[in-house]
Amino acid sequence: MRLKVLGAYGASDAEHNLTGYLLDDWFAVDAGTLTSKLSFAQQSRIQAVFITHPHADHIRDLPHLIHNRFSQNTGMLTIFAARDVMDLLSKNVFNGIVWPDFSVLTSPFTGKPAVQYRVMTAGKKITFNDIGLTAVPVDHNIPASGVIVELNGQAITFTGDTGPTSEIWKRTNKTDNVVAVVTEASFPNDQQLLADESAHLSPQTFGDELKKISVDAPVYASHRKIPFERDIESQIKNLRDRRARVLLEKNYTL
Ligand SMILES: [Zn+2]
Ligand SMILES: [Zn+2]
């Protein structure tokens with residue numbers, strides 16, 4: 001599969017982008033960065049987005065993606081999220097104040113709504129366009145679920161933001177042909193307290209998580225905070241686990 005990393009940071013400036021990933025150009029995970037890095041035509045090819053949690057750095061571009069779809073003659077966009085995450089999105093974002101609920105508005109171009117929401121039950125695998133999707137809760141400071149995506153005989157796990165966790169590793173370890181794991185390391189080791197309090201990982205706790213992962217595949221640290229990106233990178237290297245690496249904003253072929 002092809003993994004296009006549109007944003008691999010937990011903050012943004014002119015050269016760093018918020019979390020957003022695209023698989024085979026049509027399935028997105030998180031929406032911190034989507035519209036800001038994709039042409040209108042590229043956006044029209046996205047068929048679905050899975051949202052890990054409603055923090056602003058993971059949904060910044062979502063209202064704009066939906067709005068752009070409303071103005072395009074293309075297929076419906078499906079938004080996947082675990083039930084508790086979807087409830088928060090409905091209540092706090094698509095509430096008619098921050099942004100309209102486009103699932104009840106008819107696009108003049110297609111005669112149908114531009115978007116539909118699909119709530120996922122934690123731990124229950126569903127199929128969408130021949131891919132398998134399993135939402136698995138992680139340990140962040142608001143409701144959050146990662147996702148295991150099974151596509152063309154390969155699997156990839158995205159945790160989104162998380163502190164030390166376990167369920168998603170158990171599911172990942174039982175999944176066939178995992179080709180990559182994308183998790184996080186937000187703060188350097190000397191800010192472990194802040195990492196713990198905000199339910200994030202540092203390279204040190206990323207290293208502890210690695211021990212729970214039995215698959216032989218690269219495990220990427222995403223969501224670095226910009227001022228510490230070099231420290232985090234060297235601390236990830238110092239773990240001396242050949243699977244451990246930082247995620248870069250580029251295209252990966254897995
Ligand atoms: Zn985040
Ligand atoms: Zn978060």
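These numbers were taken from a predicted model, which means no experiment stands behind them. Atoms within each ligand, like the ligands themselves, are counted from 1 in listed order.
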Any side-chain donor-acceptor pair under 3.5 Å between Gln47 and Asn129? yes

Which N, O or S atom name in His55 marks its closest approach to the Zn ion (ligand 2)? ND1

Any N/O/S atom from His223 (main chain or side chain) under 2.8 Å of the Zn ion (ligand 1)? yes

Which atom, counting only N, O or S, brings Asp57 closest to the Zn ion (ligand 1)? OD2

Would you say the ring centers of Phe80 and Tyr117 fall short of 6.0 Å from each other? no

Restricting to N, O or S atoms, which atom of His53 is closest to the Zn ion (ligand 2)? NE2

Does His200 bring an N, O or S atom to under 2.8 Å of the Zn ion (ligand 2)? no

Strictly under 6.0 Å, is that where the ring centroids of His223 and His58 end up? yes

Looking at the rings of Phe158 and Phe50, which for Trp means the six-membered one, are their centres under 6.0 Å apart? no

Under 4.0 Å between a side-chain nitrogen and a carboxylate oxygen: does that hold for Glu184 and Arg224? no

Lys237/Glu233 ion pair, N-O < 4.0 Å: yes

Between Asp161 and the Zn ion (ligand 1), is there a contact where an N/O/S atom of the residue lies under 2.8 Å from the metal? yes

Strictly under 2.8 Å, is the Zn ion (ligand 2) approached by any N, O or S atom of His140? yes

